[in-house]
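Down below is the structure, laid out as C-alpha cells.
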Amino acid sequence: MTAISNDANWWKTASIYQIYPKSFCDSGSKGTGDIQGIISKLDYLKLLGADAIWLTPVYQSPMIDNGYDISDYYAINPDFGTMADFDQLLAQAHQRGIRIIMDIVVNHTSTEHHWFQSALGDKNSPYRDYYIWKDPVDGEAPNNWQSKFGGNAWELDEQTGQYYLHLFAKEQADLNWENPKVRGEVKEVISFWAEKGVDGFRLDVINLISKQQDFPNDEMGDGRRFYTDGPKVHEYLQEISEAVFQKYGSVTVGEMSSTTLEHCQQYSSLDNKELSMVFNFHHLKVDYPNGDKWTKAPFDFQQLKQIFNHWQTGLNGKGWGALFWCNHDQPRVVSRLGNDKEYRVESAKMLAASVHMMQGTPYIYQGEEIGMTNPGYDSIEQYRDVESTNMYDIMVNQQGVSHDEMMAILAQKSRDNSRTPMQWSDAPYAGFSKAQPWLGVANNYFEINACAAVEDTNSVFYFYQKLIQLRKEIDVITTGSYQDLYPEHQAVFGYQRQSDTQTLICLNNYYGEEAECVLPNGFDVGKAKYVLGNYDDLPQGVTQHQVLRPYETRVILAERVSE
Ligand code: TEU
C-alpha cells in the first residue's frame, strides 16, 4: 500500500489525470463508461505515475451536457454506478496513493434539479430566488447576452412571464449567488464530498458566478464582460474557501473562462485565500481567429509563445497555474498543433514536454498519454455534443453556412473530438465496451491503444511517465523562473527555467522540417546534459548550436555544483 503523503503542497510536484467517465471504460455492456470501469484501470494509472484523478461529474444528471447539468449533488448517476461504487473507487485509489478530485458545477444546476422544478412557474416558491429571473424588456428577453452554446441566454417561464438566465444550455439554469442561501447550499454540497475523504475539487466555470446586478445590454459583445470575473467573485470564493477548502485542506482548481492574469494572480494567490490553482484557456484560442472558435483555421505559433510567456512570468511567485493542452472540451492536441499522421509519436511527445517543463501542475486528459487523435467524423449524425449540434443548427440552418464547410469546422473544433471512447486495445470497440459505444471510436484504435503503448518502451505513454518522474526529481521544474529564449523564431519554442542551483532548457520544434537555434551565451554547455528527448539518438555532449529534427524536443539540465 502506498500512503498518501500529508504534504500540504503535494500538488505542486504532482501530475493529475483527467477522467471523463462516460468515455473511459465500460465494466459491462452498456456502451457507456462507469465507476467500476475506472477501478479496473487504477493500476494502469499507477503505472503512468498519476498522483491524482480529476473525475468529471458523476452526479445524478439528465446528461444534456454529459453531467455538467446536475440534478442531485448528493447522488451518483446510476449510469455510472452507485455510491458504494464511488466509495470503493475512493478507497482503491487511496490505497495506491492516488487522490481524487471531484468536479463541482455550481454556476448552474440542471433544470431538473428539485430547486428549479419548485421555482419554475411559481414566484412564491422558496427556491425561486435560487435562480436569476427577470421581466421581459419590450416583450423580449431582458438583454442580449448570448449562451456559450449559441442563442440568447434567457429562457421564458411562460407561467410567470419572467425569463431565467442560462449562460450554457437552456437546461442549465444559472444559480443566484447573491442569495446567501445558495452559497450555504454550495458549502454543504462541497463539505459532503470532503467529509467522504475526497481530496480536492475542480470548480466548473467558477469565475462566472457573480453577475453585474443591473444586467445591462451589451452593445459591444455577447455580455461576458458583465459576468466574467464579476464584481463579487473574489469575495464569494474567499467565503467558500474559508468555510470548506481550508477546513478540509482540499486542493482546488478553478476553471476560468475568458479570465485575466491579474484576476488569476488573486484567485490562486499563494496565501491560499481562494483557490490552489487556475485553468485558463488563452493558449487554446490560438486557432480562433479574432476570437471566433467556429471557423477552420491554422494556429498562430507566435501568439502561442507570447501567451505562455505572459502567464508563466506573471504567475511566478504570485499564483499557480494548471498546465494542459487537452480536456473534454478541447480537440486532441496532436491533431490540433502536431502532426497526427507521419509524426504522431514525435509530435505528441514534443507537445507534452513543452507544457510539462513549465511551472504549474500538469493535467493529462485520458488518451493523451497514448497520443490519441481526433476521430475525423464526416457525418453530423456522429456528433453527440450539445454545443456541436446547436452550432450546426445555428450556422447551417440559420446562417447559411454550407453543410460541408460546417463538417470541416466540427472535425477541427467539436468537443466530441476528445470524447471518443478511450482506446484500450485492438479488441472490438477498442476494448472500451462489449457493446456499441455511445459515441463512435476513432478508427485508428488498432494501432493506437493503451495495450500497445504499455508494451512499447518508446511509446508516448512512457514519455509521459518520464515527464511525471522528472517533475519529482528536478526542483527547477517546480520552482524556476521562466524565460522565452526565441520569441521571434518561426519554428522553435524554447524556454529556460532558472533557480539558484539549476538551469533547465526545453527546446521544441513545432514543425515538420529541421530547425536550428543557439543556446544562450551564458549557458555553460560543458556542465549540461540532456535529460529527455523524443528521438533515441541524442548527440553525446550538449552543444551551443542545436539542430532540431521534425517535431524534436530536447530537455537540457545544467546544475551548479558547489566546489
Ligand atoms: O466548460 C466551460 C466553457 O466555457 C468551455 O470550456 C466551453 O465548453 C467551450 O468554450 C465551448 O466552446 C465547462 C465544462 O468543462 C464543459 O464541459 C461544460 O459544458 C460547461 O462548463 C458548462 O458546465
Side-chain angles (χ1 to χ4, degrees), residues 9 11-15 261 264-265 268-270 276-278 280 282-283 301-302 304-324 349-362 466-489 491-510 515-534 538-539 541-546 548 552-563:
N9 280 330
W11 43 274
K12 292 204 167 171
T13 52
S15 300
L261 174 62
C264 285
Q265 288 167 337
S268 66
S269 72
L270 302 174
S276 317
M277 61 184 131
V278 285
N280 84 79
H282 295 283
H283 64 295
F301 180 54
Q302 302 304 324
L304 182 72
K305 293 195 279 189
Q306 284 157 18
I307 292 169
F308 279 134
N309 188 50
H310 180 68
W311 285 85
Q312 283 288 303
T313 55
L315 282 182
N316 184 26
K318 296 211 167 86
W320 199 256
L323 304 170
F324 71 107
K349 291 177 179 176
M350 181 281 290
L351 289 162
S354 8
V355 293
H356 278 247
M357 292 297 106
M358 292 183 189
Q359 185 176 65
T361 300
K466 182 80 184 167
L467 288 168
I468 295 170
Q469 278 166 9
L470 286 182
R471 178 165 296 273
K472 299 216 162 23
E473 289 162 14
I474 304 176
D475 287 346
V476 70
I477 300 174
T478 307
T479 60
S481 63
Y482 177 95
Q483 190 195 350
D484 187 347
L485 295 176
Y486 318 105
E488 314 282 319
H489 202 297
V492 176
F493 174 31
Y495 57 86
Q496 175 168 295
R497 307 287 317 283
Q498 178 88 50
S499 72
D500 290 345
T501 54
Q502 295 177 315
T503 305
L504 180 132
I505 289 180
C506 180
L507 301 176
N508 304 286
N509 179 2
Y510 268 64
E516 298 180 31
C517 60
V518 178
L519 297 184
N521 267 333
F523 186 73
D524 186 351
V525 288
K527 291 209 178 98
K529 58 174 191 214
Y530 292 107
V531 289
L532 188 67
N534 60 346
L538 269 175
V542 177
T543 47
Q544 213 82 31
H545 180 229
Q546 294 277 325
L548 300 174
E552 183 162 10
T553 182
R554 293 177 180 183
V555 181
I556 306 168
L557 178 68
E559 309 216 38
R560 185 174 310 146
V561 191
S562 49
E563 320 257 304

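With contacts defined as side-chain heavy-atom distances shorter than 4.5 Å, the pair Phe308/Asp484 does not qualify. Side-chain contact check for Pro520 versus Leu485: some heavy-atom pair is nearer than 4.5 Å. Here the side chains of Val542 and Lys527 are not in contact, with every heavy-atom distance at 4.5 Å or above. Under the 4.5 Å side-chain criterion, counting only non-hydrogen atoms from C-beta, Leu304 is in contact with His283. No side-chain heavy atom of Gln359 sits under 4.5 Å from any side-chain heavy atom of Thr478. Between Gln546 and Cys517 there is a side-chain heavy-atom pair separated by less than 4.5 Å. Side-chain contact between Thr503 and Gln496 is present, with at least one heavy-atom pair separated by less than 4.5 Å. Counting only heavy atoms from C-beta outward, the side chains of Leu519 and Leu507 approach each other to under 4.5 Å.
The aromatic ring centres of Phe301 and His489 sit 6.0 Å or more apart.
The two residues Ser268 and Leu315 make their nearest non-hydrogen contact at OG-CD2, 4.2 Å. When every heavy atom of Leu467 is checked against every heavy atom of Ala352, the shortest pair comes out as CD1-CB, 3.6 Å. What you find for Ser354 and Cys506 is that their closest heavy atoms are CA-SG, 4.3 Å. Taking each heavy atom of Tyr486 and Val518 in turn, the nearest pair found is OH-O, 2.9 Å. Between Val492 and Ala515, the closest heavy-atom pair is CG2-CB, 3.7 Å. Counting all heavy atoms, side chain and backbone alike, Leu351 lies closest to Tyr510 at CD2-CE2, 3.6 Å.
Interatomic distance, NZ of Lys318 versus OG1 of Thr313, reported as 9.0 Å (0.5 Å rounding). We find the CH2-CD distance between Trp311 and Gln306 to be 15.0 Å, quoted to the nearest 0.5 Å. Rounding to the nearest 0.5 angstrom, the gap separating the CD1 atom in Ile477 from the CD atom in Gln502 is 8.5 Å. Summarising the geometry, atom CG belonging to Leu261 is positioned 4.5 Å from atom NE2 belonging to His310; distances are rounded to the nearest 0.5 Å. Note that OG of Ser481 and CZ of Arg497 are 7.5 Å apart. Values are rounded to the nearest 0.5 Å. Distance check: Ile307 CD1 to His282 NE2 gives 7.5 Å after rounding to the nearest 0.5 Å.
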Subject >> Trace of the side chain to side chain contact (heavy atoms under 4.5 Å, CB included) decision for His356 with Leu323 >> reply: CA-CA 7 Å; His356 278 247; Leu323 304 170; 5.9 Å; no
Subject >> side chain to side chain contact (heavy atoms under 4.5 Å, CB included) assessment of Thr553 paired with Leu532 >> reply: CA-CA 8 Å; Thr553 182; Leu532 188 67; 5.9 Å; no
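Arg554 pairs by the salt bridge (Lys or Arg N to Asp or Glu O under 4.0 Å) definition with Glu552, not counting sequence neighbours.
By the 6.0 Å contact criterion, NZ on Lys472 is enclosed, its count of non-hydrogen atoms from other residues, nucleotides or ligands being greater than 12. Environment of CD in Glu488: sparse, with no more than 12 heavy atoms of neighbouring residues, nucleotides or ligands closer than 6.0 Å.
Of the possible polar contacts, none joining the Gln312 side chain to the Tyr482 backbone as a donor-acceptor pair under 3.5 Å is found.
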